[in-house]
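Chain identifiers are assigned alphabetically (A, B, ...) following the order of the sequence lines, protein sequences preceding nucleic acid strands; residue numbering begins at 1 within each chain.
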Amino acid sequence: MPASAGTEALLLGLVDRVRQVDQALLEEVAVLEKPKPEAVVADLTRLEAHSSPPKRIAVIAGSKRQLRRLEEVSARAGWLITGGSADDQDAIDLSRLLLSPETHAVILGSDPVPGGDEKRHLQMLGALVSAAARSRPELAVVLAGGAAALEPLFLAAGSAVKLTDVPGARDADRDKLEDRGLPSTGPHSVLIAPDAESGMPAGSALQQVLEGLRSRADDSRLAIARSTRSLAYVLDRSIETVEVGLNGGLRSRAEPFGPGHRSIVESHGIMALGSFSPVDPSDEVIDGVLSWSTVAFDRQRLADRLLDLRLWPWGEAEGEGALLRLAAAKAAVSRLVDSTPEISLREMPDVLIAGGGIWSSTPASVVALAMADLVRRPGVSLLTCDQARMLGPLGNIPDEDERRLMLRDLTSDVLMSLGTLILPSGIRQGRSAGRMRVSGGVVNSDIDLQPGGIWSVELAPGQTATAEMDFKDAVRLTTRGKRFSLEVAGGLGGLFVDLRDIPLRMPDRADLKRSTWEAWQRAMWPEIDE
Amino acid sequence: MSARAKASAAPPPAYLRIAARRMLAVSPVIRFCLAPGDRSLVAPGQPIEAGTPMAERTLDVDITDAGRLGNNGAPPPAAAPTASPALPTPVWKSGPVPLDTPSPRPAEPARQEESQERRSPPVPGKWWVGGDERRGRAQGRKEARMRVAGTLLYELDGRWRVAAGERQEVMFAPTSGVVVEARNGIAITLEAAGAAIVGVLAGGTPSRGRLDVPKLVDGELGPLTLDVSKAGSIVVAGGRISAETLTRARAMNVRGMIAGSLGSGELRDLAASEARQRAGLHDLPSFGVMALDGHQTRPIASPILTLLTSLAGREVAIVTDPPLLVLDAMDVPLPQLPPDWVRVRSGPHAGHEGRWVSSAGLRRFKAGIHLEAANVRLGEDNDTTVVALADLERFIF
């Protein structure tokens with residue numbers, strides 16, 4: 001059901017469908033006999049999550065070096081970026097960024113001890129930003145790192161709020177600034193924040209501040225990151241979530257600190273550019289979609305279709321439109337993966353979750369292939385899809401214990417299993433790499449492992465099997481070796497064995513690249529020619 | 001509103017799951033962005049008519065050192081005023097006034113208010129007119145001094161820097177309304193007095209003109225001819241506007257164009273052309289374009305075309321933020337629509353219109369995609385067509 005239909009109409013339709021299929025269940029839920037759908041919709045407790053609309057931050061720095069760092073952190077916090085440095089642009093250009101009504105916040109940052117390249121500009125930048133804040137009281141100002149020394153310039157204009165004054169403001173589990181009484185976008189809100197290198201990974205401390213400043217209270221992406229963290233605790237496994245939506249995208253990873261530990265280590269990046277159709281798509285975005293597309297588009301036509309996808313995100317989800325949406329989603333995930341290198345450095349997660357409406361209407365095996373194309377590290381991973389998009393609302397349960405309890409009960413309903421992905425690296429090209437025997441339940445297959453291909457073995461959801469793999473040369477999978485015996489779980493797509501290169505090596509020529517994608521895609525998506 | 005859509009029967013609940021498209025916005029709030037060096041000539045709460053000088057833009061803006069101003073050392077005000085309640089003095093030089101706009105009515109503030117404006121302490125955004133500072137002129141040359149004016153940017157070490165220039169142009173209000181907010185160098189927001197047709201994207205500059213709708217042939221727009229007779233008008237151009245049409249329209253002094261769709265390339269070309277003219281400090285005649293549906297080619301929806309046809313000959317305005325065709329009046333003759341009227345806005349049947357028949361539930365479409373669908377009777381067809389629910393839209397006023 002398209003989200004454009006409106007919440008009430010959707011809920012009514014859903015309840016009506018439940019009534020038609022299982023009247024008893026509806027009566028049990030509503031605690032009424034023959035309840036009317038309208039009454040049920042009005043009475044049900046709601047748990048909501050909404051993606052925060054894109055907001056723009058002006059990133060101001062004294063040097064291009066500092067500007068780049070601040071832009072990276074701001075982008076990971078989900079902001080749209082306009083940036084300028086004093087060594088590159090004059091005060092008029094920088095003022096345009098600050099005074100534009102499209103700009104919601106400004107960050108002025110420097111190293112904790114400003115270097116010579118930026119120190120000489122800081123006073124001027126402080127005066128400029130302070131003047132902009134006086135002209136635009138609604139502009140939220142963040143002073144990061146050594147730029148915090150400019151705080152007195154803002155005190156004259158209004159009350160500054162020191163982040164360090166707020167108890168627990170730098171706690172790792174801090175979710176929202178406003179939860180702790182920080183005025184996120186109120187008049188003259190000036191936040192003193194850590195520099196762009198603080199935290200682990202570098203920049204995460206500032207990222208938290210900027211996320212809180214941007215997000216609405218029930219932000220879906222922060223909620224999905226919280227759900228990912230809770231799932232890692234509940235399942236005691238490493239979880240990676242890749243979510244793509246209209247207003248941005250999320251890549252999140254959470255895992256237990258180590259065997260026997262109850263602490264969860266979490267890292268995530270939220271990007272406005274992680275949208276399948278970003279605001280004002282740049283040439284790089286268009287090129288990215290073209291490079292993943294199996295359809296030959298000219299740039300102009302593709303730009304128009306992408307922009308229309310932003311206007312009507314649920315439109316034309318069939319036929320060629322489905323191929324475009326898939327290419328746009330893969331390009332978005334690719335941008336997310338590029339912007340979160342610290343997650344890519346970790347091992348393949350035990351569970352990989354694909355989230356976002358764009359995957360919901362795509363066949364399961366195609367989603368699995370897309371994940372295999374994009375998240376490429378040697379290992380074995382259970383591929384799942386948050387098809388009903390429940391991780392967002394569940395992540396907005398404020399109490400961590402309650403959220404874990406709910407996820408423990410609902411995991412199998414929330415996460416639709418796509419199948420298990422086996423992804424070895426170090427396969428030599430040109431000859432058979434070995435054999436794989438899958439046995440267990442109703443499955444019994446023997447596969448000659450040819451390098452450069454991807455195979456799927458039918459293994460239904462709920463089924464498990466043992467995959468015995470004999471490689472001719474040592475490869476890297478869970479460890480380095482020639483023989484592996486793996487317990488694998490089934491899914492809608494089955495079991496996937498991917499012997500393609502890590503990272504994928506694709507032809508340079510656009511037509512050859514398209515035909516390569518198409519060959520792999522067609523194997524997983526036979527309905528494509530319908 | 002003079003009429004309401006005929007609602008002979010209440011629409012079925014499943015019909016309401018189709019995304020609604022609002023055709024009209026009543027008293028929309030419109031924003032006109034300003035830049036450093038630009039100042040507002042209107043004040044919040046002030047009612048203005050179409051053609052009223054609204055802002056003064058500085059074309060050749062550059063950074064200027066204004067030196068020490070006013071009450072240095074005194075504590076600055078807590079916040080910059082949104083705009084002086086007193087109307088600012090218009091200081092634009094005499095220049096040509098566009099023929100198609102009503103003659104400007106320069107604001108005439110009282111002398112006392114003028115002096116109060118001058119005496120107010122310097123704050124960012126305050127209008128400044130240069131004294132001894134003259135850019136680009138050798139010392140001692142005896143030639144007519146050019147006025148340098150702009151807005152205060154920031155103060156550093158007691159000296160103010162100004163975004164100022166020698167050339168200003170006046171921006172006239174494209175429509176009537178009440179000023180909601182006016183801030184130098186930032187934006188003016190206006191609550192329009194009338195209703196407006198809602199578009200999805202727009203380009204160019206806000207403009208005003210007589211609405212010109214080509215004759216309808218079999219309910220569809222006839223061929224578009226652009227000649228000098230269209231000068232000063234806003235032309236309804238059909239499904240899509242090409243780059244050549246835009247160039248020709250601007251050459252014919254057309255004020256604006258409305259179409260079903262507008263390609264991103266055409267919008268980019270238009271923006272680049274305007275930027276070039278601005279860089280050359282040329283006077284830019286106002287020219288706006290608006291698309292009602294998006295970037296891919298679509299015919300204009302029949303209810304909107306009917307509405308536009310009924311408004312032909314009226315003075316209307318295209319504004320870009322948000323994209324609207326403002327009508328200046330509330331008495332809009334609304335088209336009468338069947339209660340189950342739908343339009344296909346995307347997908348293989350894009351642009352077709354018809355009547356909703358029933359819900360089709362979850363259906364399998366091309367490429368094996370399963371989507372919620374509806375049975376729709378398109379055009380004069382007696383057969384029903386299954387269309388994905390997300391590809392449909394219904395109209396509301």
Handout entry: From B/Ile63 atom CD1 to A/Ser95 atom OG, the distance as rounded to the nearest 0.5 Å
Key = 6.5 Å
Exercise for the section: Quick one: pull up CZ in B/Arg21 and CH2 in A/Trp312 and give me the separation to the nearest 0.5 Å. Expected result: 6.0 Å
Exercise for the section: Heavy atoms only, distances under 4.5 angstrom: which of B/Gly125, B/Gly265, B/Ser359 has the most pairs with chain A? Name it, please. Expected result: B/Gly265
Fill in the blank from the handout: In terms of heavy-atom pairs under 4.5 Å with chain A, the winner among B/Val344, B/Asp391, B/Asp157 is B/Asp391
Fill in the blank from the handout: Between A/Arg136 and B/Ile186 the two heavy atoms that sit nearest each other are CG-CD1, 3.2 Å
Fill in the blank from the handout: If you tally heavy-atom pairs under 4.5 Å between each of B/Gly263, B/Ala350, B/Gly361, B/Ala373 and chain A, the highest tally belongs to B/Gly263
Handout entry: Which atoms of A/Leu128 approach chain B - backbone, side chain, both or neither, heavy atom under 4.5 Å
Key = both
Handout entry: Nearest-0.5 Å distance, CG of residue B/Leu153 to CG of residue A/Leu99
Key = 7.5 Å
Practice task
Write down the atom of B/Ala187, the atom of A/Pro101, and the distance for their closest heavy-atom approach.
Solution key: CB-CG, 3.7 Å
Exercise for the section: Let me know if B/Arg364 has heavy atoms under 4.5 Å from chain A in its side chain, its backbone, both or neither. Expected result: side chain
Practice task
Under 4.5 Å heavy-atom distance to chain A, tell me which part of B/Ala163 shows up: side chain, backbone, both or neither.
Solution key: both
Handout entry: More than 12 heavy atoms of other groups within 6.0 Å of A/Gln89 CD
Key = yes
Practice task
Could you tell me whether B/Arg240 and A/Asp304 make a salt bridge, using a distance below 4.0 angstrom between a side-chain N and a carboxylate O?
Solution key: yes
Problem - Heavy-atom pair count under 4.5 Å with chain A, highest-scoring of B/Ala388, B/Cys33, B/Gly37, B/Pro348 - result: B/Pro348
Practice task
Decide, yes or no, whether a salt bridge links A/Glu318 with B/Arg363 under the criterion of side-chain N to carboxylate O below 4.0 Å.
Solution key: no
Exercise for the section: Taking all non-hydrogen atoms of both residues into account, name the closest pair between A/Ser361 and B/Ile369 and its distance. Expected result: O-CD1, 3.4 Å
Problem - More than 12 heavy atoms from other groups under 6.0 Å of CG on A/Asp298 - result: yes
Practice task
Could you look at B/Asp321 and say if it's the side chain, the backbone, both or neither that has a heavy atom under 4.5 Å from chain A?
Solution key: side chain
Handout entry: B/Val61 vs A/Arg96 side-chain heavy atoms within contact, under 4.5 Å
Key = yes
Completion exercise
Of A/Arg305, A/Glu320, A/Gln123, the largest count of non-hydrogen pairs under 4.5 angstrom with chain B goes to A/Arg305
Exercise for the section: Measure the spacing between CZ of B/Arg161 and CD1 of A/Ile92 and express it to the nearest 0.5 Å. Expected result: 12.0 Å
Practice task
Quick one: which of A/Thr362, A/Val366, A/Asp308, A/Leu12 has the most heavy-atom pairs under 4.5 Å with chain B, could you say?
Solution key: A/Asp308
Practice task
Check whether any side-chain heavy atom of B/Arg268 sits under 4.5 Å from a side-chain heavy atom of A/Gln300, and report yes or no.
Solution key: yes
Problem - Nearest heavy-atom neighbours spanning B/Val200 and A/Leu311 - result: CG2-CD1, 4.1 Å
Exercise for the section: With a 4.5 Å cut-off on heavy-atom pairs, point out which of A/Glu102, A/Arg301, A/Glu8 contacts chain B the most. Expected result: A/Glu102
Completion exercise
d(B/Ser264 OG, A/Arg299 CZ) to nearest 0.5 Å is 10.5 Å
Fill in the blank from the handout: Heavy-atom nearest pair, A/Trp525 first then B/Ala367, reads NE1-O, 2.8 Å
Fill in the blank from the handout: Applying a strict 4.5 Å limit to non-hydrogen atoms, the region of A/Ala317 in contact with chain B is both
Exercise for the section: Under 4.5 Å heavy-atom distance to chain A, tell me which part of B/Leu371 shows up: side chain, backbone, both or neither. Expected result: side chain
Exercise for the section: For B/Gly368 and A/Pro363, work out which heavy atoms get closest and say how close. Expected result: O-CG, 4.5 Å
Practice task
Check whether any side-chain N or O of A/Arg134 sits under 3.5 Å from a backbone N or O of B/Val123 as a donor-acceptor pair, and report yes or no.
Solution key: no
Handout entry: Gap separating the CG atom of A/Leu153 from the CD atom of B/Glu155, nearest 0.5 angstrom
Key = 10.0 Å
